[in-house]
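Structure record follows, encoded as structure tokens.
Computed from a prediction, not measured in an experiment: that's the story for all the values here. Throughout, numbering of the chain's residues begins at 1 and tracks the sequence.
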Amino acid sequence: MSEMQHIDHDRLYTDLQYRFEYVSGFIGFTKKDQDLIKQSGSVVAGLVPTIVDAVYDKLAKYDITWGHFAQDQDGLQIKDSKSRDVAQVTMGSEVITFRKTMLTKYLKKLVTAEWNLSYLKYLDWVGHIHTTTPLKKSTINVEYIHCNALFGYVAAVVVGALQKSTEWDDETRDDIVNAYNKFFWLQNDLFARYYVKDRVLTDKEKAAVAAEKEHEVNEVRRELRSESLLNAAVGVGAGAVLGAVAF
């Protein structure tokens with residue numbers, strides 16, 4: 001039996017890096033898994049449009065998920081009053097184009113980003129931005145039941161596509177699929193952290209976390225803005241929109 005590791009309970013709720021290291025260590029998400037996800041980039045990049053379309057086709061099947069698109073989004077304000085009627089939101093609506101662009105950027109970032117604190121803050125921001133918070137320009141709040149259901153669906157779509165690939169030998173393909181499974185659980189935890197109230201923070205901790213979160217949000221927005229300007233400079237076009245990876 002290996003030596004028992006001490007985990008600081010309070011730091012799990014106040015220190016993002018510490019929380020990530022604990023959860024990733026627990027489920028066995030290692031540098032090898034990070035490299036395998038990157039290795040899959042050439043295959044996944046070609047699958048992104050199909051994955052994105054499948055996700056939004058699924059969301060369109062339920063009024064309770066589709067209804068979120070009739071609200072202002074972080075990074076996109078709905079100006080047309082007709083667009084605030086969920087019955088008027090179609091696959092061709094500006095808000096859906098916007099959201100598809102953000103999901104596309106998220107998936108591409110997954111297979112290209114360096115696994116450092118900056119990227120970890122981005123993944124945390126993706127979870128945080130779905131909740132009601134004064135750090136957002138919108139008040140959209142996607143309940144966790146829908147986020148969790150979506151993660152299950154996205155994981156199934158991505159894994160299903162990877163399993164059909166003939167790019168790798170069987171062992172490598174199995175390892176890549178396993179790496180993605182671990183990743184989706186890690187990302188899910190960075191959603192759950194804003195929904196599941198395992199521990200009530202003290203006022204001092206709340207103030208410290210709020211200050212850190214404001215810095216984190218501003219940092220991510222600056223990074224996305226820089227990416228958008230770079231994309232615009234090379235003619236990427238619609239991909240240069242600032243926002244979250246919300247539904």
Open item on the list: Using modelled atom types and a 3.5 Å cut-off, is there a donor and acceptor pairing between side-chain atoms of Q163 and backbone atoms of V177?
Closed with: no
Open item on the list: Applying a strict under-4.5 Å side-chain criterion to I, L, V, M, F, W and Y, I'd like to know whether Y62 and L150 cluster together.
Closed with: no
Task: Non-hydrogen atoms of I96 and W66 that approach each other most closely - done: CD1-CH2, 3.5 Å
Open item on the list: Can you confirm whether V157 sits close enough to V55 that some side-chain heavy atom of one is under 4.5 Å from a side-chain heavy atom of the other?
Closed with: no
- [ ] Check the pair K100, D53 against side chain to side chain contact (heavy atoms under 4.5 Å, CB included), reporting the backbone distance first and the verdict last.
- [x] CA-CA 8 Å; K100 282 189 171 184; D53 286 344; 3.0 Å; yes
Task: D124 bridged to K121 by N-O distance under 4.0 Å - done: no
- [ ] Consider only side-chain N and O atoms of D175 and T172, and report whether a donor and an acceptor are under 3.5 Å apart.
- [x] no
- [ ] State whether the side chain of T90 and the backbone N or O of G92 hold a donor-acceptor pair below 3.5 Å, judged by distance alone.
- [x] yes
Open item on the list: What I want to find out is whether K31 reaches D35 closely enough, with some N-O distance under 4.0 Å, to be called a salt bridge.
Closed with: yes
Open item on the list: Could you tell me if the side chain of T166 sits less than 4.5 Å from the side chain of R173, heavy atoms only?
Closed with: no
Open item on the list: To the nearest 0.5 Å, what is the distance between OG1 on T65 and NE2 on H146?
Closed with: 7.5 Å
- [ ] Kindly write out the residues that satisfy side chain to side chain donor-acceptor pair (under 3.5 Å) with N148, not counting sequence neighbours, or none if the list is empty.
- [x] N188
TODO: Please say which of Y194, Y122, F191 ends up in a ring-ring contact (aromatic ring centres under 6.0 Å, His included) with H128.
DONE: Y194
- [ ] Report the residue from L47, L110, V111 that forms a side-chain contact (heavy atoms from CB on, under 4.5 Å) with S40.
- [x] V111
- [ ] Please answer whether the main-chain N or O of L162 pairs with a side-chain N or O of S165 as donor and acceptor at a distance below 3.5 Å.
- [x] no
Open item on the list: Strictly distance-based, threshold 3.5 Å: is any side-chain N or O of Y13 a donor or acceptor partner for the main-chain N or O of R193?
Closed with: no
Open item on the list: Does the plane of the ring in Y56 sit parallel, tilted or perpendicular to the ring in F69? Use 30° and 60° as the thresholds.
Closed with: tilted
- [ ] Determine the interplanar angle of the F184 and Y180 rings, folded into 0 to 90°, and report it as parallel if under 30°, tilted if 30 to 60°, perpendicular if over 60°.
- [x] tilted
Task: Euclidean distance, R19 CZ relative to L120 CG, rounded to 0.5 Å - done: 11.0 Å
Task: Enclosure of I64 CD1 (heavy-atom neighbours >12, cutoff 6.0 Å) - done: no
Task: L123 vs Y106, side chain to side chain contact (heavy atoms under 4.5 Å, CB included): CA-CA, chis, key distance, verdict - done: CA-CA 9 Å; L123 295 177; Y106 173 84; 4.0 Å; yes
Task: Donor + acceptor pair across side chains of Q17, Y22 (<3.5 Å) - done: no
Task: Between CZ on residue F29 and CG on residue N178, distance to nearest 0.5 Å - done: 10.5 Å
Task: K182 side chain vs G28 backbone, donor-acceptor pair below 3.5 Å - done: yes
TODO: Using a 4.5 Å cut-off on heavy atoms from C-beta on, say whether the side chain of V43 contacts that of W168.
DONE: yes
TODO: Flag yes if V44 and Y153 sit in one hydrophobic cluster, no otherwise; membership is Ile, Leu, Val, Met, Phe, Trp, Tyr, and two members link when side-chain heavy atoms are under 4.5 Å apart.
DONE: yes
Open item on the list: Side chains of T30 and Q34, heavy atoms from C-beta outward: is any pair under 4.5 Å?
Closed with: no
Task: Mutual orientation of the aromatic rings belonging to W115 and F183 [parallel < 30°, tilted 30-60°, perpendicular > 60°] - done: perpendicular
Task: From CD (E94) to CZ (R99), nearest 0.5 Å - done: 11.5 Å
Open item on the list: I want to check a possible cation-pi pair here: K109 against Y119, using under 6.0 Å from ring centre and within 45° of the ring axis as the test.
Closed with: no
Task: D8/D15 under side chain to side chain contact (heavy atoms under 4.5 Å, CB included): CA gap, chis, key distance, verdict - done: CA-CA 10 Å; D8 187 322; D15 186 328; over 6 Å; no
Open item on the list: Check this for me, if you would: do E114 and K38 make a salt bridge, where the nitrogen-to-carboxylate-oxygen distance has to be below 4.0 angstrom?
Closed with: yes
- [ ] Mind checking the CG-CD1 spacing from L186 to I27? Nearest 0.5 Å is all I need.
- [x] 3.5 Å
Open item on the list: Between T14 (side chain only) and D10 (backbone N and O only), is there a donor and an acceptor less than 3.5 Å apart?
Closed with: yes
Task: D57 and M91, any side-chain heavy atoms less than 4.5 Å apart - done: yes
TODO: First locate atom OG1 of T112, then atom CD1 of I37, and finally report the distance between them rounded to the nearest 0.5 Å.
DONE: 11.5 Å
